[in-house]
Amino acid sequence: MDSGRISVGDFPGGLDLQATIESGQTYLWWRPDGETYAEPAPSGGDAWYATTHETDDGQLRPLRVRQRGSALEWEAPFDAAPVLERRLRLTDDLPAIRAASADDPVVERAYDAFWGMRLVEEPVFPTLVTFICSAQMRVERIFRMQMALRRELGPAVTVDGTTYHGYPSPTTVAATSEAELRDLGLGYRAPYVRETARMVAEGEVDPGAARSQSYETARDFLTQFVGVGDKVADCVCLFALDHLEAVPLDTWIRKAIAAFYPDCDHGNYADTSRAIRDRLGGDVAGYAQTYLFHYLRHADEEPAALA
DNA sequence: TAGATACCTTATAG
DNA sequence: ACTATAAGGTATC
């Protein structure tokens, strides 16, 4: 495997790798040491994370990274630097984004708590399936469901004696029975995932087409997949399709709205979404949302008590 | 069109 | 122990 290191200090705002990967935006990385998402990492935050990446030649390759201070170290059988730059959004200007975010005590505390956390830009089909799976699920279990999908259905690639499983293709997922998907722990989401995979596999709808659409059009477009409502569509927009203005209205951001921004609650998704987006940061509101989500989920007290 | 309810399964609160 | 409730919601009526 080749290796290299990226000096994260070269990117304004730096990087907090653990927060970026373990903040519930992506479930496509795992820890080779066998630990699941830990809070905080017992290693002190410098654990290795592994994933796979489909390189430009269409081949599945493994990729490992860890952060030691200002160095982001990687190991992969290809030049992983450009891939990491994109998937971890290293070129996002964090200080500028923070400056454009709500000038608000809670948002400031969230930025302070996890400064260096970045949004991710992950492949769209795995992200789509992941967030269909996320309905009524805890973060830890969403992670386990994606591990099971990779382990049981994903293509394997072995390098230096270690086997890595990539995310299963739409065709593979569509060809897997509902019962089998239920056995992987998907529950009632199994038929949703299967039907969505079929739509993608047969070319009926291309989720990637939402990338070039305007944000709200993209969100509506994505809801034609089964199991995808406004919230899941927003997650796909934000974590896979470069729509940084998306603010997924999950239970945590809804609690935050009730506690801190009650005037943003317009009783329906579209209007509430627009109001909280304007409040949090407009075209980069998704950043403030993700910091808030991660901060509130790890806070000792309920949002209402923090007001 | 807005509101209520069922839904797999697990972890945690009481 | 044992039940109720909630977990990054969506589909259906």
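Values below: every heavy atom of this structure, side chains too, minus hydrogens, waters and symmetry copies. The chains referred to below are lettered A, B, ... by the order of the sequence lines, with proteins before strands, and numbering in each begins at 1.
The CG-C1' distance, from A/Leu186 to B/dC7, rounds to 14 Å in whole Å. Separating the NE2 atom of A/His298 from the P atom of C/dG8 is a distance of 10 Å, rounded to the nearest angstrom. Atom CD1 of A/Ile257 is separated from atom P of C/dG8 by 16 Å (rounded to the nearest Å). The CZ atom of A/Arg138 sits 11 Å away from the P atom of C/dG9 (whole-angstrom rounding). Atom CG in A/Leu222 sits roughly 12 Å away from atom P in C/dT10 (whole-Å rounding). Going from atom CZ of A/Phe131 over to atom C1' of C/dA7 covers 15 Å, rounded to whole Å. Between the CZ atom of A/Arg219 and the P atom of C/dT10 there is a distance of 11 Å, given to the nearest Å. At whole-Å resolution of the value, OH in A/Tyr192 and C1' in B/dC7 are 7 Å apart.
Between A/Asn268 and A/Gln136, the residue anchored nearer the 5' end of DNA chain B, judged by the nucleotide with its closest heavy atom, is A/Asn268. Two residues, A/Val232 and A/Lys255, neighbour DNA chain C, and the one matched to the more 5' nucleotide by heavy-atom proximity is A/Lys255. Nearest-nucleotide mapping onto DNA chain C: of A/Phe225 and A/Ser134, the residue sitting toward the 5' end is A/Ser134.
Geometrically, A/Arg98 engages A/Trp115 in a cation-pi contact, judged by NZ or CZ lying under 6.0 Å from the ring centre and within 45° of the ring axis.
Look at A/Arg182 and you'll find a side-chain N or O under 4.0 angstrom from OP1 or OP2 of B/dC8. In this structure, A/Lys231 does not reach the C/dA7 phosphate: none of its side-chain N or O atoms is under 4.0 Å from OP1 or OP2.
Under 3.5 Å, the side chain of A/Arg189 and the base of B/dC8 form at least one donor-acceptor pair of N or O atoms. The base of C/dG9 sits with one of its N or O atoms less than 3.5 Å from a complementary donor or acceptor on the side chain of A/Tyr188.
Atom name P, nucleotides B/dA6 and C/dG8: the rounded distance is 22 Å, in whole Å. The separation of B/dC8 from C/dC13, taken at their P atoms, amounts to 14 Å, rounded to a whole angstrom.
For C/dA11, the paired nucleotide is B/dT5, the pair qualifying as Watson-Crick or G-U wobble because both relevant distances are below 3.5 Å. Of all nucleotides present, only C/dT3 satisfies the Watson-Crick or G-U wobble test against B/dA13, with each distance under 3.5 Å.
Side chains of A/Ser273 and A/Arg219: a donor-acceptor N/O pair is present below 3.5 angstrom, by distance only. Side-chain contact check for A/Thr55 and A/Asp57: at least one donor-acceptor pair (N or O, by modelled atom type) lies under 3.5 Å.
Ring geometry for A/Phe114 against A/His294 counts as tilted: the plane angle lies between 30° and 60°, on a 0 to 90° scale. Between A/Phe293 and A/Trp252, the ring planes lie perpendicular to each other; the angle is over 60°, past the 30° to 60° tilted range. Under the 30°/60° scheme for interplanar angles, the aromatic rings of A/Tyr164 and A/Trp30 are found to be tilted.
In this structure, A/Gln289 reaches the bases: a heavy-atom distance under 4.0 Å links it to at least one base atom across the strands shown. Residue A/Gln25 is in base contact, counting any heavy-atom pair closer than 4.0 Å across all strands shown.
Closest to the side chain of A/Arg144, out of C/dG9, C/dG8, B/dT10, is B/dT10.
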